[in-house]
Asks: 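Here it is: the structure, laid out below.
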Amino acid sequence: MMRLPAKFQRGFTLVELLLVILILGTLALGTSFLVDGFGDQIRFDDTKSRLQQIRKAIIGDTNRTLNGQVDMSGFVADMGRLPESVEELVSGEGLELWNLSSVVVGTLSPVTIELYGGWRGPYLETFPESSTGRRAFRDGWGNADISGASADFGWIYSQSDLSGVAVTSLGADSQADDAGGSAEGYDKDFPTSGNLVEVADYQVSLNGGLTVRFNNFADIPEGVTLKLFYFNDKAGLDGPESDELPSLSGVQSVNVTFTAPDDIGNQGRYAAALICSNGNIYDGNCDAAHTNSQPYYFILVPRAQLPTILWNIQ
């Protein structure tokens with residue numbers, strides 16, 4: 001076998017080996033920084049996505065329609081109120097479950113108003129955690145429960161019918177930002193301000209357009225009001241009552257007003273009935289038993305035209 005001369009069998013020098021090691025180390029360090037930053041961005045994007053999932057779980061998607069009707073979904077539409085915690089979007093334990101609720105109204109010839117309502121979640125899809133078996137919906141960082149607020153799964157959650165819903169992630173450092181806002185980058189709370197759900201996203205003003213239209217001309221006596229009913233698991237099947245309708249003769253439609261604070265309603269399914277001052281259902285006469293007047297069912301959707309209540313008068 002042919003062998004190379006000794007002068008052609010020289011290996012790497014120590015300097016060359018050190019240079020190779022330095023280059024490989026630099027490449028490895030740069031790759032590590034890139035991978036770490038990429039992982040942080042994935043967690044941040046996941047957090048933003050999960051916030052939008054919470055928003056949809058609360059108010060649904062009123063842009064969806066089914067057979068030409070708005071497909072009402074979400075916690076507010078089902079329960080008639082805001083969730084008190086993130087956990088209520090995951091678990092229905094202790095809450096009124098989806099069912100047909102009813103209430104009887106009227107005196108001489110009572111009618112039964114029926115509306116479906118109650119919890120029909122989960123509104124957020126989750127998997128049991130390996131450590132506890134508990135179903136939890138955490139941010140992209142997997143932040144642990146905050147002391148005293150375990151029902152919010154590591155989020156900062158607050159809600160009020162007067163101010164909306166705010167949900168905040170504590171970020172990569174799992175620490176709430178101080179007043180000076182010293183946290184930077186992925187350690188910052190997200191979002192830094194603002195609401196996830198605004199009041200106008202789920203509430204509807206009943207004033208300025210709610211109209212009752214009769215199929216025949218009607219004489220409206222004193223004391224007639226429009227009573228609305230909706231499901232609220234805190235109060236049952238009940239709702240606001242309008243101011244008294246004006247006493248009129250020979251009208252086919254009339255505008256209805258509600259005095260604050262009863263001029264606001266949450267999105268969802270409603271029923272309406274005209275009630276006389278004596279408790280009877282108004283069908284053109286307050287003092288006689290009505291024959292065919294039934295509740296009028298409709299839905300309320302934010303940022304949409306208020307419906308016309310169609311009322312049957314023989």
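In what follows, every heavy atom counts, from backbone to side chain, and hydrogens, waters and symmetry copies are set aside.
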Asks: A side-chain contact here means heavy atoms from C-beta on lying under 4.5 Å apart; do Ile264 and Asp161 qualify?
Replies: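 No, every pair of side-chain atoms sits at 4.5 Å or beyond.
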Asks: Would you confirm whether Trp155, through its side chain, and Phe137, through its main-chain N or O, come within 3.5 Å as a donor-acceptor pair?
Replies: yes
Asks: Drop me the distance from Asn99's CG to Leu115's CG, to the nearest 0.5 angstrom.
Replies: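 Reported value, rounded in 0.5 Å steps: 12.5 Å.
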Asks: In plain terms, say whether Arg135 and Glu87 are close enough for a salt bridge, that is, a side-chain N and a carboxylate O under 4.0 Å apart.
Replies: no
Asks: Can you name the closest pair of heavy atoms from Pro302 and Ala200 and give their distance?
Replies: CB-O, 3.3 Å
Asks: Indicate yes or no for a side-chain donor-acceptor contact from Asn195 to the backbone of Gly164 under 3.5 Å, with no hydrogens or angles considered.
Replies: no
Asks: Is a side-chain N or O of Lys227 found less than 3.5 angstrom from the main chain of Gly239, in a donor-acceptor match?
Replies: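 Such a contact is found between Lys227 side chain and Gly239 backbone.
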Asks: Going by side chain to side chain contact (heavy atoms under 4.5 Å, CB included), Arg55 matches just one of Ile58, Leu51, Ile59. Which one?
Replies: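 Testing Arg55 for a side chain to side chain contact (heavy atoms under 4.5 Å, CB included) against Ile58, Leu51, Ile59 leaves exactly one candidate, Ile59.
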Asks: For Asp139, is there an ion pair with Arg43 - N to carboxylate O distance below 4.0 angstrom?
Replies: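 Salt bridge between Arg43 and Asp139, a charged N being under 4.0 Å from a carboxylate O: no.
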Asks: Side-chain contact test, heavy atoms from C-beta onward, threshold under 4.5 Å: evaluate it for Asn232 versus Leu237 and give yes or no.
Replies: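 Asn232 does not reach Leu237 side chain to side chain.
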Asks: Run the side-chain hydrogen bond (donor to acceptor under 3.5 Å, both in side chains) test on Asp152 and Ser85 for me, step by step, so that the C-alpha distance in whole Å, both residues' side-chain angles and the decisive distance to 0.1 Å come before the verdict.
Replies: CA-CA 6 Å; Asp152 294 325; Ser85 65; 4.6 Å; no
Asks: Any chance NZ of Lys56 has more than 12 other-residue heavy atoms, nucleotides or ligands included, within less than 6.0 Å?
Replies: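 At most 12 heavy atoms, drawn from other residues, nucleotides or ligands, come within 6.0 Å of this atom.
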Asks: How about Phe258 and Leu210: do any of their side-chain heavy atoms sit closer than 4.5 Å?
Replies: yes
Asks: Any idea which heavy atoms bring Val254 and Leu248 closest together, and the distance?
Replies: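 So the two residues come closest at CG2-CD1, 4.3 Å.
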Asks: What about the rings of Trp98 and Tyr116, do their centers lie closer together than 6.0 Å?
Replies: yes
Asks: Which heavy atom in Val212 sits nearest to a heavy atom in Leu226, and how many Å separate them?
Replies: CG2-CD2, 4.2 Å
Asks: Strictly distance-based, threshold 3.5 Å: is any side-chain N or O of Trp311 a donor or acceptor partner for the main-chain N or O of Tyr296?
Replies: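 Side chain of Trp311 to backbone of Tyr296, a donor-acceptor pair under 3.5 Å: no, none is there.
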Asks: Are any of the side-chain heavy atoms of Asp233 and Arg81 separated by less than 4.5 Å?
Replies: yes
Asks: State whether Asp201 and Arg303 are salt-bridged, where the test is any N-O pair (Lys NZ or Arg NE/NH1/NH2 against Asp/Glu carboxylate O) under 4.0 Å.
Replies: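 Yes, Asp201 and Arg303 are salt-bridged.
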Asks: State whether Glu84 and Lys234 are salt-bridged, where the test is any N-O pair (Lys NZ or Arg NE/NH1/NH2 against Asp/Glu carboxylate O) under 4.0 Å.
Replies: yes
Asks: Using atom types as modelled and distance alone, determine if a side-chain donor or acceptor of Asp189 lies under 3.5 Å from a backbone N or O of Asp177.
Replies: yes
Asks: Might you point out which heavy atoms bring Leu228 and Ala272 nearest each other, and give the distance in Å?
Replies: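 So the two residues come closest at CD2-CB, 3.6 Å.
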Asks: Should the pair Phe298 and Tyr270 be assigned to parallel (<30°), tilted (30 to 60°) or perpendicular (>60°) ring geometry?
Replies: parallel
Asks: State, to 0.1 Å, how close Leu108 and Ala289 come at their nearest heavy-atom pair, and which atoms those are.
Replies: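 Scanning both residues, the minimum pair turns out to be CD1-N, 3.7 Å.
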Asks: Between Ser247 and Ile220 (side chain of the first, backbone of the second, donor and acceptor by atom type, cut-off under 3.5 Å), is there such a pair?
Replies: yes
Asks: Would you say Arg269 and Tyr230 make side-chain contact, with heavy atoms under 4.5 Å?
Replies: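 A side-chain contact under 4.5 Å is absent here.
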Asks: Using a 3.5 Å distance criterion without hydrogens, assess whether the side chain of Arg134 forms a donor-acceptor pair with backbone atoms of Pro128.
Replies: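 Such a contact is absent between Arg134 side chain and Pro128 backbone.
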Asks: Check step by step if side chain to side chain contact (heavy atoms under 4.5 Å, CB included) holds for Arg213 and Ile309.
Replies: CA-CA 6 Å; Arg213 182 174 180 83; Ile309 308 300; over 6 Å; no
Asks: For Glu222, look at atom CD and say whether over 12 heavy atoms of other residues, nucleotides or ligands are found less than 6.0 Å away.
Replies: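 12 or below, so no.
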Asks: Mind running side-chain hydrogen bond (donor to acceptor under 3.5 Å, both in side chains) on Ser102 and Glu114 for me, showing each step along the way?
Replies: CA-CA 4 Å; Ser102 63; Glu114 295 181 316; 5.2 Å; no
Asks: Determine whether Ile313 and Tyr282 satisfy the following criterion, side chain to side chain contact (heavy atoms under 4.5 Å, CB included), listing intermediate values before the conclusion.
Replies: CA-CA 9 Å; Ile313 297 292; Tyr282 172 70; 4.1 Å; yes
Asks: Donor-acceptor pair, distance only, cut-off 3.5 Å: does the side chain of Asp263 make one with the backbone of Ser205?
Replies: no
Asks: Would you say Leu206 and Thr257 make side-chain contact, with heavy atoms under 4.5 Å?
Replies: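 Contact flag for Leu206/Thr257 side chains = no.
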Asks: Could you go through Leu274 and Ile281, starting from their C-alpha distance and side-chain angles, then the distance that decides it, and tell me whether this counts as side chain to side chain contact (heavy atoms under 4.5 Å, CB included)?
Replies: CA-CA 6 Å; Leu274 284 177; Ile281 300 293; 5.9 Å; no
Asks: How are the rings of Phe75 and Tyr123 set relative to one another: parallel (under 30°), tilted (30 to 60°) or perpendicular (over 60°)?
Replies: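 Ring orientation, 0 to 90° scale: perpendicular.
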Asks: At their closest point, which heavy atom of Asn280 faces which heavy atom of Asn285, and how far apart are they?
Replies: ND2-O, 4.1 Å
Asks: When you look at Ser169 and Asn143, which way does the side chain to side chain contact (heavy atoms under 4.5 Å, CB included) test go after all the steps?
Replies: CA-CA 8 Å; Ser169 163; Asn143 281 323; 4.2 Å; yes
Asks: Within the structure provided, determine whether Met72 and Val301 are in side-chain contact (heavy-atom separation under 4.5 Å).
Replies: yes
Asks: Hey, does Met79 have a side-chain heavy atom less than 4.5 Å from the side chain of Leu95?
Replies: yes
